[in-house]
Number of protein chains: 2
Amino acid sequence: MEKHKEILNKELKNRISKLDTPPKLKEAMAYSLDAGGKRIRPLLLFAVIDSFGKDTAAGLSTAAALEMIHTYSLIHDDLPSMDNDDVRRGKLTNHKVFGEGMAILAGDGLLTFAFQLISGDQYLQDGQKVELLHLLSKCAGPEGMVAGQVADMEGENKELGIDELEYIHTHKTGKLLTFSVLAGATIGGADRRQMESFEQFSHHLGLSFQISDDILDVTGDEELMGKPVGSDTGRHKSTYPSVLTLKGAKEHLSLHIKEAKKALGQTNLNTEILSRITDLIADRTH
Amino acid sequence: MEKHKEILNKELKNRISKLDTPPKLKEAMAYSLDAGGKRIRPLLLFAVIDSFGKDTAAGLSTAAALEMIHTYSLIHDDLPSMDNDDVRRGKLTNHKVFGEGMAILAGDGLLTFAFQLISGDQYLQDGQKVELLHLLSKCAGPEGMVAGQVADMEGENKELGIDELEYIHTHKTGKLLTFSVLAGATIGGADRRQMESFEQFSHHLGLSFQISDDILDVTGDEELMGKPVGSDTGRHKSTYPSVLTLKGAKEHLSLHIKEAKKALGQTNLNTEILSRITDLIADRTH
């Protein structure tokens, strides 16, 4: 996985540096892409392709696109009119360095460039590209991540129930994780039954990811996380611990991890790496 | 063309209303889409398809996608951290009605949904879809419209030369007009030589469009335009009249209109409607 992370980071740098665009925009886009993310989504994608025994090179453009979409969402999410965050992953947020206007445009640029990367890929067939682009736009757009972001914004300063909380998270973070998994399954050549199992897997993985995120916001180490602990509570956001108590949230997490692994088992593929990624999410410290 | 405009408006309404997304986001997206635009880009696209004698129905998704991308760019462009405009087409701008956070997300949603529309179209072949999606992302993204927007922002309060001004306009407004024309040519089934002629046409049409926009900012009727006259000058933006004088700008406009029509002639297609659209751009009052 470390090797894949290196290949991806090189690809991201390379694709941005080759862009025919004003240097300032390039700099702003590269700044947030370089900001030391864990690259969980691309690694998930590679691990799914690998579970079919296929060459992960066919997933490189899609992996880069995924990280661009994820990064754009963070840049816009951090803006003063949204979450108003000054620090992310221990670095100043994009708008604190480049100004709000440029940050909005860097986000717009990353979002659009993601579609350019996949549609211009040299390894994928046209049919695969169309499937990937359609899935990506559904998962990232107004029926996916953007819907979750809107629901999150509208839910601030309100007491949310568990259903509303799950709507936010299955959309805001879950849909893009779902894309990572299903894109890998598409590139790997999944049959219908395997696709359904991967859908189940990604659903439970996404919720696990968010619950552990919320738990970390209560119990985490500020230095490891690169952002203040308790920032969600301070912003009066509903979280899993605030709705279910910390103990309840941890039980909920175990349940989803178990279901995620059960779904993996049903694919009849070599899912050892995926299983380890699932454990890492449950046990992560940042 | 009136009939096509009606069909498009119905399609836009229909596609937004069917979205599975929070009502507030739907409302914000629909608000700016409904804001009385002239639909120049979709009409161009339809006119190009028509010049091949092909059924324009095959262009409906792409036309809707185009208008969504155009509308997203206006919403983000109007934001306080960009042009800070309160009024557009005689109506309050998106962020004045829905707030900045929602306006950013409505723009993100429209941009992403555009790719969902084309990739999910039922009339187009996979090969055509990939071509259209690749061209759209290049024309709208960091090598196209977003680059122009960045250059425009960086050029404020500076004296620009004609080359810098042309860079801004060929990217900020030109590239999406280019997409309108070339997407139509792709759907119409253009051969290589026709594609080159349409490229020439769209280049000159785009510049004509922008020059006439700048001239209107000096000579236009505020009520017809739905925004204050002289707003570019007030914002210390370089314009064609400010760089070339009003007389020089008008001469420049005539030249590009002439070149645009020359390119149309070289396609050997029935380009009467396209020729009329070109004239309308030169003579428009708003």
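In what follows, chains are A, B, ... by sequence order, proteins preceding strands, each numbered from 1.
Heavy atoms closer than 4.5 Å to chain A are found nowhere in Gln125(B), neither backbone nor side chain. Both the backbone and the side chain of Leu133(B) come within contact range of chain A, each with at least one heavy atom under 4.5 Å from a heavy atom of that chain. The parts of Leu105(A) that come within reach of chain B are both its backbone and its side chain, each placing non-hydrogen atoms under 4.5 angstrom from that chain. For Met153(A), the part sitting under 4.5 Å from any heavy atom of chain B is the side chain, from C-beta outward, and nothing else. For Leu79(B), the part lying near chain A is the side chain, with the backbone staying farther off; criterion is any non-hydrogen pair under 4.5 Å. Interface residue Ile104(B): only side-chain heavy atoms are found under 4.5 Å from chain A. Using a 4.5 Å cut-off between heavy atoms, Met29(B) contacts chain A through its side chain alone, with no backbone atom that close.
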Worked verdict on Val150(B) versus Thr21(A) for side chain to side chain contact (heavy atoms under 4.5 Å, CB included): CA-CA 9 Å; Val150(B) 168; Thr21(A) 200; over 6 Å; no
Trace of the side chain to side chain contact (heavy atoms under 4.5 Å, CB included) decision for Tyr72(A) with Asp108(B): CA-CA 10 Å; Tyr72(A) 121 74; Asp108(B) 293 345; 3.4 Å; yes
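Atom NZ of Lys138(B) has 12 or fewer heavy atoms from other residues, nucleotides or ligands within 6.0 Å.
With rounding to the nearest 0.5 Å, the separation of CD in Glu143(B) from OG1 in Thr112(A) is 11.5 Å. With values rounded to the nearest 0.5 angstrom, Leu136(A) atom CG is found 10.0 Å from Gln116(B) atom CD. In this structure, CG in Asp20(A) is found 6.0 Å from NE2 in His171(B), a value given to the nearest 0.5 Å.
Note: His76(B) and His76(A) have perpendicular aromatic rings, judged against thresholds of 30 and 60 degrees for the angle between ring planes.
What you find for Phe115(B) and Ser137(A) is that their closest heavy atoms are C-OG, 3.9 Å. A pairwise comparison of heavy atoms in Val130(A) and Ser119(B) identifies CG1-O, 3.5 Å as the closest pair. The nearest pair of heavy atoms linking Pro22(B) to Glu154(A) is CB-OE1, 4.3 Å.
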